Amino acid sequence: MKLSVSTWNINSVRLRIDQVRRFLQEQRPDILCLQETKCPDDKFPLKELQACGYPFVVHMGQKGYNGVAILSRYPFSQTSIMEMCGRADARHITVTLTQAKAASGLVIHNFYVPAGGDIPDPELNEKFRHKLQFMEELRGWGGRAKPTATPAILVGDLNVAPLEHDVWSHKQLLDVVSHTPIETAALEELRQEGGWADAMRHIRPEPEKIYSWWSYRSPDWAAANKGRRLDHIWLSQNLAGTIRSVEVTRETRGWERPSDHAPVTAVLEL
DNA sequence: ATGTCAGCGTTTCGCTGA
């Protein structure tokens, strides 16, 4: 069976509910993971999203910031969340598919890693310290819980562009949070030690430039194309051979009042 | 590398976070 999984930092699910619906109708992924829903759970647009053909939905939100959700065509169980860095700040949610033939038992993790503020120094910037601590806890989780021992997918806005060709200018971004050596090394270490394959780079290796985020501050984002690949789909190594395609739906960035992130979709043949 | 956003509070703009 084919299984398609999308991840999208929507930057307010209520403001962009029509864009989520349009994306679902046009792309029909089996699973959509959202970040930055910015929506308390009692205000989450559950029925509207279920009506798009996604009866199975979990969401973990809070007022104003962060928030994650998973929409699925297939039923799942064992919804759970982790509270990284001792904060209940709605940056993780996970489900296990239960009745999807070859995908039954597949675990899907959805993360929103802290952005980290502007100054790339943990001594001077508490937000950057938080980001590094978050990644350190992810690394510890990989060693302890062994999430890749069984078939698993980890997606989300990881807020790090790890490779040289994941940014428009490697040299100019070495001091910019999201591409500093301390962050890119931390992300690559936790990915490799955890036994995760980077789905996109597995089939689209460097030097192809791939981005999923373009700043709002760029007046002509498409022409300037100063993007970064902040949104990721990782697979447990036992699934790496199932990857058929991984695409960025760049056109959503050109829609009216867009998110600054575009969706990333992987298709697997299970 | 800052030119833009979104949500919140109490508002019709300043602040925070991204």
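Since the structure is predicted, the reported quantities are computational estimates derived from the model, not experimental observations. Per chain, numbering begins at 1; letters A, B, ... match sequence-line order.
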Of A:N11, A:N110, A:N9, the one forming a side chain to side chain donor-acceptor pair (under 3.5 Å) with A:Q35 is A:N110
Is the phosphate of B:dA6, meaning OP1 or OP2, less than 4.0 Å from a side-chain N or O of A:R257? yes
Quantified in whole Å, what is the C1' atom distance between nucleotide B:dT2 and nucleotide B:dG17? 15 Å
Check whether any side-chain heavy atom of A:E164 sits under 4.5 Å from a side-chain heavy atom of A:P207, and report yes or no. no
Separation between the C1' atoms of B:dT12 and B:dC8, rounded to whole Å: 13 Å
Once you apply a heavy-atom cut-off of 4.0 Å, does A:W221 come out as touching a base, just sugar-phosphate, or nothing? nothing
Pairwise P distance, B:dC15 and B:dT11 [rounded to whole Å]: 14 Å
How far does the C1' atom of B:dA1 sit from the matching atom of B:dC13, given to the nearest Å? 26 Å
For A:H232 and A:D198, which I'm curious about, is there any donor-acceptor pair between the side chains at under 3.5 Å? no
Can you find an N or O donor on one side and an acceptor on the other, under 3.5 Å apart, linking the side chain of A:R217 with the base of B:dA18? yes
How many Å lie between CD1 on A:I119 and C1' on B:dG17, as a whole number? 14 Å
Nearest-Å distance once atom P is located in both B:dC5 and B:dT10: 26 Å
Could you state the atom-to-atom distance from NZ of A:K63 to P of B:dG17 in whole Å? 15 Å
Atom-to-atom span, CG of A:D220 to C1' of B:dT2 - whole angstrom: 16 Å
Within the pair A:R14 and B:dG7, is there a side-chain N or O less than 4.0 Å away from OP1 or OP2? no
Over 60° means perpendicular and under 30° means parallel, so tell me whether A:H179 and A:H170 are parallel, tilted or perpendicular. perpendicular
Between B:dC5, B:dA1, B:dA18, spot the one nearest the side chain of A:Y216, thanks. B:dC5
